[in-house]
Q: 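Let me give you the structure first, and then I'll get to my questions.
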Amino acid sequence: MATLGSSGGTTAVLKKFDIRANKRYGQNFLIDGNILNKIISAAEITKDDTVIEIGPGIGGMTQYLCEAAGEVWAFEIDKKLLPVLDDTLKEYENVHIINQDILKVDITRFLAENHITKPVKVVANLPYYITTPIIMGLLESKAPIDSITIMIQKEVADRMISLPGKKTYGALSLAVQYYTEAEAVAIVPPTCFIPQPKVSSTVMRLKIRKTPVVEVLDEEMLFTLIRASFNQRRKTLLNGLKNYPKLGFSPSEITEAIEKLGKPATVRGEELSLEEFAMLSNIFTEK
Ligand code: SAM
């Protein structure tokens, strides 16, 4: 039975092993059973599912995952937590703990090597200092992933679901919306963690799209354009693209492409929707 979704359970484990949360690894342990249940139900986990957890910590969420899923593979960077996990997860036979930095894992290869063929569900209370590289790594890997249900800093969640013209709109919004259907499931106050983070958090569910939401001839071109447009976000799209040598088009070709998109020369990148970025990308690809 899960014993850790509470303040008392977590404090007792920390005391028993004489450990403290390590700030360097973004350790904030979730102590609210209701939120844990909400995460499991948002991820729609069944006994048919294989789950990948990033950062099991002392095993609080892992206990809930083990009870709901068929199999759980959990990647934890902090060696000191391994004996703790041995203890808190001792009653579960369907969990594998891997002491590895998730940013160094080739997830496609990992799944193939372990004969995991059915799309997996990723569930995590992420270390906030590396949220974006973890998410972008998973999305760009094109690994067989069904969904990613994550606790992240609210400000990052707001960026993920932001729309053109908003201050929070940027490369992360476009990448997340290109690859996934993103939905905020719950807002979680700092009091639900030990130690308490300085910021509020959001549980996000990212359902990986099976078919692209926009038609793009060359994805690399799309993301090069997006990076170029937000690299200097106060500049016009025209200047942003001109100042991005990697794009490799002349100023007149860029002016022509923006005209073809039907936008004025003064338009800023942050005003373009995903559909418009896709159109612009296809204009350049066809050149
Ligand atoms: N899952 C636990 C919970 O909900 O209470 C802990 C979540 S805590 C916010 C983040 C966890 O990720 C910590 O256990 C931390 O050590 C681990 N972590 C940090 N960086 C990591 C990395 N690069 N790879 C794998 N785990 C990492």
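For the numbers below, each heavy atom of this structure counts, side chains included, while hydrogens, waters and symmetry mates do not. Each ligand, and each atom within it, is numbered from 1 in the order the structure gives.
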Q: Which protein heavy atom lies closest to atom 19 (C) of ligand 1, and at what distance to 0.1 Å?
A: Tyr25 O, 3.1 Å
Q: Between Ile130 and ligand 1, is there a nitrogen or oxygen pair with a distance under 3.5 Å?
A: no
Q: Regarding Glu270 and Lys167, does a basic nitrogen lie under 4.0 Å from an acidic carboxylate oxygen?
A: no
Q: Between Lys16 and Asp87, is there a salt bridge with N-O shorter than 4.0 Å?
A: yes
Q: If you have a sec, work out which protein heavy atom is nearest atom 5 (O) of ligand 1 and how many Å separate them, to one decimal?
A: Leu30 N, 2.9 Å
Q: Heavy-atom contact under 4.0 Å between Lys104 and ligand 1?
A: no
Q: Please determine whether side chain to side chain contact (heavy atoms under 4.5 Å, CB included) holds for the pair Lys142 and Thr108, giving the CA-CA distance in whole Å, both sets of side-chain angles, and the decisive distance to 0.1 Å.
A: CA-CA 8 Å; Lys142 305 273 175 73; Thr108 308; over 6 Å; no
Q: Select one of side chain, backbone, both or neither to describe which atoms of Phe29 lie under 4.0 Å from any atom of ligand 1, heavy atoms only.
A: both
Q: Could you say whether the N/O atoms of Met61 and ligand 1 ever approach to under 3.5 Å?
A: no
Q: Heavy atoms only, cut-off 4.0 Å: how does Ile58 contact ligand 1, side chain, backbone, both, or neither?
A: neither
Q: Hey, is Lys260 close enough to Glu256 for a salt bridge, meaning N to O under 4.0 Å?
A: no
Q: Would you say that more than 12 heavy atoms from the other residues, nucleotides or ligands in this model lie under 6.0 Å from the CZ of Arg209, or not?
A: yes
Q: Tell me the nearest of Ile77, Ile102, Asp78, Ile54 to atom 26 (N) of ligand 1, using heavy-atom distances.
A: Ile77
Q: Using distance alone, with no hydrogens and no angle criterion, decide if Tyr92 and Glu67 have a side-chain donor and acceptor under 3.5 Å apart.
A: yes
Q: Between Thr191 and Gln196, do the side chains contain a donor N or O and an acceptor N or O under 3.5 Å apart?
A: no
Q: Compute the minimum heavy-atom distance from Pro56 to ligand 1 and say whether it is under 4.0 Å.
A: yes
Q: Out of Pro127, Ala21, Gly55, whose heavy atom is nearest to atom 1 (N) of ligand 1?
A: Gly55
Q: Note the single closest protein heavy atom to atom 14 (O) of ligand 1, along with its residue, its atom name and the distance in Å.
A: Glu76 OE1, 2.7 Å
Q: Once you restrict to heavy atoms under 4.0 Å, what part of Gln100 touches ligand 1? Side chain, backbone, both or neither.
A: backbone
Q: At what distance is the nearest protein heavy atom to atom 9 (C) of ligand 1, and which residue and atom is it?
A: Gly26 O, 3.2 Å
Q: Taking atom types as modelled, is there a side-chain donor on Tyr244 or Ser229 under 3.5 Å from an acceptor on the other?
A: no
Q: Step by step, work out the side chain to side chain contact (heavy atoms under 4.5 Å, CB included) result for Ile39 and Met151.
A: CA-CA 8 Å; Ile39 293 172; Met151 174 88 74; 4.1 Å; yes
Q: Minimum distance, heavy atoms only, to atom 4 (O) of ligand 1: which one of Asn125, Leu4, Ile134 is it?
A: Asn125
Q: To which protein heavy atom is atom 20 (N) of ligand 1 closest, and what is the distance rounded to 0.1 Å?
A: Tyr129 OH, 3.0 Å
